[in-house]
Structures are given as structure tokens and as C-alpha cells.
Amino acid sequence: MVRRGLQDHVAGRVVSRVEVMHPRAIRRHLPGTVDFGGRVAGHELVAARRRGKYLWVDLSSGEAVLAHLGMSGQMLVQPPGTPDEKHLRVRLTFADDGPELRFVDQRTFGGLSVEPVVTVDGVPLPAPIAHIARDPMDPAFDRTAAIAALRRRRTEVKRALLDQTLVSGIGNIYADEALWHARLHWARPTDTLTPRKTGELLDAATAVMNAALDVGGTSFDALYVNINGQSGYFDRSLNAYGQEGLPCPRCGRAIQREPFMNRSSFSCPRCQPRPTTS
DNA sequence: TAATGGTCCTGTTTGC
DNA sequence: TGCAAACAGGACCATT
């Protein structure tokens, strides 16, 4: 959705000015703020692209502006003169004096950088994400290869699911939902999963991502290049994530919360029994 | 305070 | 046997 918004609202436009309000938002751009501005200003934003959780916009210079929204990042398209958002980090102004592009991020876990473009398997990608796997929405996504990659990892299934070098785009929330659909506990070792079951899990993750995109789509405003999928989707469509103590929509047993990698995993103790060995 | 998501860094294992 | 690459796991970031 964000990619689509960028494509519709800023592709084909020439950047006239770059303002970085918070240096942390540009921390991945190692040459610094001045260099960042110099590589973006004066160039046309050619096309918006996405892989997994990364977004980028090709520049007419041949480089690309790479973005990660982190937990709280937003891309907004606002008319010039609109009051600055509290957490406005970067503003791009255009030569046509039309709407500005604003990167707003409360926690600044996300950020922007200008990167060279490299070719991987015939596909142009910003260099830092050359190792990121295709996401399930990618037309060239190889489901069989992804299943094999997930099963090859010697770890817990949720860790494999979150590994962006195996399949990209799946985060903590989508992982919990996919595991719930596939009736798998997050700590299940990957080497106990059949290809069929792994495929079921992967398909569930894909369905959750598509559902989130659909909901994000309905909240799309002409001026807003989306607000990260959070809107109505969180409250309405989640079966396990964040539902501690609430009944499992499938069997009625209370959803449990367990610590996982300095955060949480939510699951149904009945539908998703913990594996017997640890 | 403890909780949040996604790297990203570091120590370990594997493979040539 | 030695080295580099791949792997696995946990720390860390800012904010409320």
C-alpha cells in the first residue's frame, strides 16, 4: 500500500529540497545528512518498489532511496504549509510545488538512506538488501524453494519464519497469526515439520499478509500514502496476536502469551500444543 | 516500569 | 588444518 501510494503520488516528480529534521532517521546513510540531501535533491523519483519490509524509490541518478518503516514509520503526502507532524523526520519538497513527501516516525526504528543499485538474479536491488529473500507476493516467489529453506534452518519454526533471508515480509504479528492458522506452536523445531505442513504455514502467512494489505487499502486516503497496516486490522482480524486471555476463535481456550526473543508470542494452548521435547 | 518489532551484531559451527 | 562463510541467537533501539 505504501509503495502504491508513493508510485501514485511522487513517481515522475523532481525533488527540489531535502530537509532532515532528525539525524537518527538517516543513520544508515553513513556519509551523513549533507551527502544524503545532495544525492536526492535535483533528481527525479522514478519508480517505487518493495521487497519484504523494505521500500525504495529509484532515482534518475541510478541510485535509490531505501526506506524501512520500522515499527512506527509512515510516509505521508501533504500539501505544502501543512503543520509539521510531531515526529516529522525528513521532508522532500518538489520542483512542481505540489504535495511534499514526509517521513514521520515516532520511535525512529526505521530510516532512509541513498544506496547504489546492484543486480541479483537479474533483479535490481539496493545493495544493503541484496540478501533479503523475495516475499510471497513477488510474482517470481518460489514456494517450493521457500519451504525447503525454512525446513533447512535448524531452529524453532517461528525464528525461521522471521528470518528475512528465507522468506521476507513476515514479522512477529503475522508469524503468530500464521502459526495459529497452521496449528503450530512457535517453538516447534523445523526438523519435525513435513514439507506439506511447512507449505500450509507459509500459505497461512501469505493469506494473513494479503488480508492486512486489503484492510490497509480501505483506510487509504488520497492525501495519505497509507498509515502502516495498523488501523482496523489489528482489532478485527487477529486470532492470536495480542489476544492473551481471550478465547481462541477456533476452540474457545484462552490464548496464552509467552516470552520470545525479548518480546512475546501468542498462541492457543489447545490448538497449538507446545512440542514435547525442548 | 516493562513492553513493543526488526534488525544487526557477535560468537559458533560448517564446509572447502 | 586453517580460513572464510554461513548460521544461530540474543541485545539493542526510542517511546509511552
Side-chain angles (χ1 to χ4, degrees), chain A residues 2 20-30 50-56 66-75 85-90 103-113 115 120 125-136 145-146 148-180 186-193 205 208-209 212 216 226-231 233-235 238 240-246 255-267 275 278:
Chain A
V2 183
V20 177
M21 283 66 180
H22 195 313
R24 187 174 151 74
I26 301 297
R27 69 191 180 288
R28 290 193 184 88
H29 189 85
L30 301 180
R50 183 185 69 82
R51 172 170 285 198
K53 301 166 189 173
Y54 289 90
L55 266 178
W56 68 95
L66 179 64
H68 195 295
L69 300 183
M71 289 173 65
S72 53
Q74 298 175 304
M75 290 289 188
E85 293 75 11
K86 183 179 177 185
H87 301 291
L88 176 63
R89 306 307 187 194
V90 179
F103 176 64
V104 176
D105 190 5
Q106 177 192 86
R107 297 186 184 175
T108 52
F109 282 14
L112 309 180
S113 59
E115 307 290 352
V120 182
L125 294 173
I129 65 164
H131 65 291
I132 300 292
R134 293 180 193 274
D135 58 69
L150 288 167
R151 295 181 67 239
R152 199 179 304 128
R153 267 281 189 280
R154 288 293 84 100
T155 186
E156 295 166 346
V157 63
K158 185 170 171 181
R159 286 202 79 114
L161 211 49
L162 292 174
D163 189 331
Q164 304 298 300
T165 68
L166 306 180
V167 176
S168 68
I170 303 172
N172 196 44
I173 300 168
Y174 297 165
D176 275 3
E177 291 300 300
L179 289 163
W180 180 85
W186 55 267
R188 180 76 173 269
T190 50
D191 59 7
T192 66
L193 294 178
V208 171
M209 292 166 81
N226 184 41
I227 323 298
N228 51 36
Q230 291 198 346
S231 45
Y233 173 69
F234 269 43
D235 294 339
L238 296 176
Y241 180 83
Q243 308 299 302
E244 183 180 19
L246 297 176
I255 296 292
Q256 65 180 347
R257 171 182 171 279
E258 296 172 286
F260 170 80
M261 286 177 70
N262 294 326
R263 67 200 78 159
S264 300
S265 268
F266 297 88
S267 59
S278 69

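Just so it is clear: chains get the letters A, B, ... in the order the sequence lines come, proteins before strands, and each one is counted from 1. The figures here come from the full heavy-atom set of this structure, side chains too, leaving out hydrogens, waters and symmetry mates.
- dC8(B) atom P lies 11 Å from atom CD of Q164(A), rounded to whole Å.
- Checked by distance alone, R107(A) brings a side-chain donor or acceptor within 3.5 Å of a matching partner on the base of dT4(B).
- Closest non-hydrogen pair, S267(A) versus W186(A), comes out as OG-CD1, 4.4 Å.
- The shortest non-hydrogen separation linking G169(A) to Y174(A) is O-CD1, 3.7 Å.
- The side chain of T155(A) contributes no N or O atom lying less than 4.0 Å from OP1 or OP2 of dC7(C).
- The distance from atom CE of M209(A) to atom P of dG6(B) is 10 Å, rounded to the nearest whole Å.
- Between the side chain of Q164(A) and the backbone N or O of L162(A), at least one donor-acceptor pair lies under 3.5 Å.
- Residue S264(A) places its side chain closer to dT4(B) than to any other of dT4(B), dA14(C), dT7(B).
- Between the CZ atom of R27(A) and the C1' atom of dG6(B) there is a distance of 11 Å, rounded to whole Å.
- One atom, CG of D191(A), and another, P of dA8(C), lie 11 Å apart when rounded to the nearest Å.
- The residue R28(A) sits close only to the backbone: its heavy atoms come under 4.0 Å of sugar-phosphate atoms, none of a base.
- Distance CZ (R159(A)) to C1' (dG9(C)): 4 Å, rounded to an integer number of Å.
- Between H22(A) atom NE2 and dC13(C) atom C1' there is a gap of 11 Å when expressed in whole angstrom units.
- Comparing R154(A) and D105(A) by the nucleotide of DNA chain C whose heavy atom lies nearest to each, the residue mapping closer to the 5' end is R154(A).
- Ring-base stacking between F109(A) and dC13(C) is satisfied, the centre separation being under 5.5 Å and the plane angle under 30°.
- Judged purely by atom type and a 3.5 angstrom limit, R188(A) has no side-chain atom pairing as donor or acceptor with the backbone of P275(A).
- For the pair D163(A) CG and dG10(C) C1', the computed distance is 14 Å after rounding to whole Å.
- Listed pair H68(A) / dG6(B) fails the phosphate criterion, with no side-chain N or O lying under 4.0 Å from OP1 or OP2.
- Here Y54(A) does not reach the OP1 or OP2 of dG6(B): none of its side-chain N or O atoms lies under 4.0 Å away.
- In terms of phosphate contacts, R153(A) brings a side-chain nitrogen or oxygen within less than 4.0 Å of OP1 or OP2 of dA8(C).
- Across the protein-nucleic acid pair, L150(A) atom CG and dC7(C) atom P stand 13 Å apart, rounded to whole Å.
- Among the atoms of the strands shown, only primed sugar atoms or phosphate atoms (P, OP1, OP2) are found under 4.0 Å from some heavy atom of R24(A).
- Less than 4.0 Å separates DNA chain B from at least one heavy atom of each of the following residues of residues 255-262 of chain A: R257(A), M261(A), N262(A).
- One cannot find a donor-acceptor pair under 3.5 Å joining the base of dG10(C) and the side-chain atoms of R263(A).
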Is there a salt bridge (Lys or Arg N to Asp or Glu O under 4.0 Å) between D135(A) and K53(A)? Walk through the geometry before answering.
CA-CA 9 Å; D135(A) 58 69; K53(A) 301 166 189 173; over 6 Å; no
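- For D176(A) (side chain) and F266(A) (main-chain N/O), a donor-acceptor pair under 3.5 Å exists by modelled atom type.
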For the pair R153(A) and D163(A), evaluate salt bridge (Lys or Arg N to Asp or Glu O under 4.0 Å) and give the outcome as yes or no after the intermediate values.
CA-CA 10 Å; R153(A) 267 281 189 280; D163(A) 189 331; 2.8 Å; yes
Given the rule in the side chain to side chain contact (heavy atoms under 4.5 Å, CB included) test, do V90(A) and M21(A) qualify, once you have shown the distances and angles that lead to the verdict?
CA-CA 6 Å; V90(A) 179; M21(A) 283 66 180; 5.8 Å; no
